[in-house]
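Computed from heavy atoms alone, side chains included, the values below leave out hydrogens, waters and symmetry copies. A quick note: this is a predicted structure, and the numbers were derived from the prediction, not measured.
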Amino acid sequence: MKKVLYAIAMLSAVAVAFTACKKDGGDQKEEENKIVKRLAMCGDEWDKYAFTYGEDGKLTNINRNEGERTWDFTWNGKTATVKYVKEGEEQSPLSITLGDNGFISTFTDTWGDVRNLSYDKDGYLIKVDKSGDVKCNAVWEAGDLVKWSRFSDGAEQFKIQTFLADENVAGIFPDATDKAGIDRWMFEVGMCGKPSKHLLDQAAWDGSESVATHEYEKDADGFVTKVTKYYDGEVDQVYEYQWEVINK
């Protein structure tokens, strides 16, 4: 059980094992040096989220904008009750239940709405439903999220995505927003399945002429520190990441 819960903190963006492999004569050799980092902060100019972890690596606290909002996690097996405080006032708690794969299977928000998350055998998110009503479908190819959907007036609309050749070393989720009411921080800390293997390049709603493109800054270890998103050539968002090394 401890291993399953620890995986949440160690998988994807929470703690990414940067293990590069080299091909030499058809053989792959794992490099002796590995850099393990976990997400310490992420956000844009309006909202920044800081993350705190327990000794076992599990997420214990999220602090948005230096206390404007906080989430405190109390774990009991695979379920976490999350105390949510907004602008000094305690709100109804959130509840998170993990599946056998270590990712969120059920999420109950502060309004009591229940969302169920479904994954394929490899751990990629493929569907989100709200009390049985499908809110999002996701399609993956070779480990990259090539399209995902939303529903408007009963009609399903897909966002089509293309990727760079750059490996997504840090396991970030620049393609994680707007998925059926799931907060982006849940994706960024690795709670909602595996990230795309490569960095997102372009994204556009099917039939739309408006295209989002992404540029990245990275640290010396290949971990993304900044994503700049452009819409039709104009800056739309600058999203930043900070990492802490945990295998010193």
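- At a threshold of 4.0 Å, the pair Asp47-Arg69 does not count as salt-bridged, since none of the basic side-chain nitrogens sits closer than that to a carboxylate oxygen.
- Using a 4.5 Å cut-off between side-chain heavy atoms of Ile, Leu, Val, Met, Phe, Trp and Tyr, with links allowed through other members, Val146 and Leu199 fall into different hydrophobic clusters.
- Cation-pi check for Arg64 over Trp71 is not met; the charged atom does not lie both under 6.0 angstrom from the ring centroid and within 45 degrees of its normal.
- Heavy atoms only, all atoms of each residue included: Val224 and Ala170 are closest at N-CB, 4.0 Å.
- Legend: residues meeting salt bridge (charged side-chain N to carboxylate O under 4.0 Å, His left out) with Glu215, ordered by chain and number and at least two apart, are absent.
- Contact check on Asp129 versus Lys135 returns no salt bridge, with no Lys/Arg side-chain nitrogen under 4.0 Å from an Asp/Glu carboxylate oxygen.
- Panel note: side chain Asn247, backbone Val36; a donor-acceptor pair is recorded below 3.5 Å.
- Atom CG of Asp100 and atom OG of Ser105 lie 8.5 Å apart (nearest 0.5 Å).
- The ring-ring contact (aromatic ring centres under 6.0 Å, His included) pairs that include a residue from residues 121-141 are Tyr124-Trp140, where partners are two or more places apart or lie in different chains.
- Between Lys37 and Asp219 there is a salt bridge, with a side-chain nitrogen of the basic residue lying less than 4.0 Å from a carboxylate oxygen of the acidic one.
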Just do the side chain to side chain contact (heavy atoms under 4.5 Å, CB included) check on Thr106 and Arg115 with the steps written out, would you?
CA-CA 6 Å; Thr106 303; Arg115 290 173 176 80; over 6 Å; no

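- The pair Asp113-Lys130 counts as a salt bridge, with a side-chain nitrogen and a carboxylate oxygen less than 4.0 angstrom apart.
- Hydrophobic clustering (side-chain heavy atoms under 4.5 Å, transitive across Ile, Leu, Val, Met, Phe, Trp, Tyr) groups Ile172 together with Leu164.
- Side-chain atoms of Asp109 come within 3.5 Å of backbone N or O of Trp111 as a donor-acceptor pair.
- Within the 3.5 Å criterion, the main-chain N or O of Gly190 finds no donor-acceptor partner in the side chain of Lys194.
- When all heavy atoms of Ile62 and Tyr49 are compared, the closest pair comes out as CG2-CD2, 3.9 Å.
- Looking only at distances, a side-chain donor or acceptor of Asn65 sits under 3.5 Å from a matching main-chain atom of Trp46.
- By the 6.0 Å contact criterion, NZ on Lys218 is enclosed, its count of non-hydrogen atoms from other residues, nucleotides or ligands being greater than 12.
- Taking OG1 from Thr213 and CG from Asp232, the interatomic distance works out to 9.0 Å, rounded to the nearest 0.5 Å.
- Contact record, Ser92 with Thr110: O-OG1, 2.6 Å, taken as the closest heavy-atom pair.
- Heavy atoms only, all atoms of each residue included: Ser210 and Ala204 are closest at O-CB, 3.5 Å.
- Here the CG atom belonging to Asp166 is positioned 11.5 Å from the CG atom belonging to Leu200, to the nearest 0.5 angstrom.
- In the hydrophobic clustering of this structure, Met186 groups with Tyr84; members are Ile, Leu, Val, Met, Phe, Trp, Tyr whose side-chain heavy atoms approach within less than 4.5 Å, directly or through other members.
- Taken from CD in Gln157 to NZ in Lys147, the straight-line distance is 13.0 Å, to the nearest 0.5 Å.
- At a threshold of 4.5 Å between non-hydrogen side-chain atoms, the residues Thr228 and Lys226 count as touching.
- Without hydrogens or angle criteria, Ser196 side chain to Leu145 main chain gives a donor-acceptor distance under 3.5 Å.
- The backbone N or O of Leu59 lies less than 3.5 Å from a partner atom in the side chain of Trp75, making a donor-acceptor pair.
- Cluster membership check: Val139 does not share its hydrophobic cluster with Trp205, using side-chain heavy-atom separations under 4.5 Å among Ile, Leu, Val, Met, Phe, Trp and Tyr.
- In terms of modelled atom types and a separation under 3.5 Å, the side chain of Asp56 and the main chain of Lys58 share a donor-acceptor contact.
- Checking side-chain atoms of Glu68 against main-chain N and O of Glu66 turns up no donor-acceptor pair under 3.5 Å.
- Evaluation of the ring-ring contact (aromatic ring centres under 6.0 Å, His included) rule for Tyr216 yields no partner, not counting sequence neighbours.
- Taking the salt bridge (charged side-chain N to carboxylate O under 4.0 Å, His left out) definition, one finds that Lys197 meets it with nothing, sequence neighbours left out.
- No side-chain donor-acceptor contact under 3.5 Å links His198 and Asn168.
- With hydrophobic clusters built from ILVMFWY side chains whose heavy atoms lie under 4.5 angstrom apart, Trp148 shares a cluster with Ile126.
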Side chain to side chain contact (heavy atoms under 4.5 Å, CB included), that's the test. Do Ser95 and Val82 meet it? Break it down for me.
CA-CA 6 Å; Ser95 178; Val82 187; over 6 Å; no

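- Contact annotation: the side chain of Tyr53 approaches that of Leu39 to within less than 4.5 Å [non-hydrogen atoms, C-beta and beyond].
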So Phe163 and Asp175, side chain to side chain contact (heavy atoms under 4.5 Å, CB included) or not? Walk me through it.
CA-CA 11 Å; Phe163 291 82; Asp175 51 1; 4.1 Å; yes

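- A distance of 10.0 Å separates SG in Cys42 from NZ in Lys48, rounded to the nearest 0.5 Å.
- With Lys229 contributing its side chain and Val238 its backbone, the two residues share no donor-acceptor pair below 3.5 Å.
- In this structure a side-chain-to-backbone donor-acceptor pair under 3.5 Å is present from Glu188 to Phe173.
- Shortest non-hydrogen contact noted between Ile104 and Cys192 is CD1-SG, 4.3 Å.
- The ring-ring contact (aromatic ring centres under 6.0 Å, His included) check on Phe73 picks up nothing, with sequence neighbours excluded.
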Could you go step by step and tell me if His214 and Tyr230 meet the side chain to side chain contact (heavy atoms under 4.5 Å, CB included) rule?
CA-CA 6 Å; His214 301 76; Tyr230 299 86; over 6 Å; no

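- Looking at heavy atoms from C-beta onward, Phe107 lies in side-chain contact with Leu94 at the 4.5 angstrom threshold.
- Residue-environment remark: NZ (Lys83) stays at or below the threshold of 12 foreign heavy atoms within 6.0 Å.
- The CD1 atom of Ile35 sits 12.0 Å away from the CD1 atom of Ile246 when rounded to the nearest 0.5 Å.
- The closest side-chain heavy-atom distance from Ile182 to Phe187 is below 4.5 Å.
- The two residues Pro174 and Arg184 have their closest heavy-atom pair at CA-NH2, 3.5 Å.
- Between the side chains of Ser149 and Glu156, at least one donor N or O sits under 3.5 Å from an acceptor N or O.
- Side-chain atoms of Asp72 and Thr60, non-hydrogen and from C-beta on, never get closer than 4.5 Å to each other.
- With sequence neighbours excluded, the residues satisfying ring-ring contact (aromatic ring centres under 6.0 Å, His included) with Tyr119 are Phe103.
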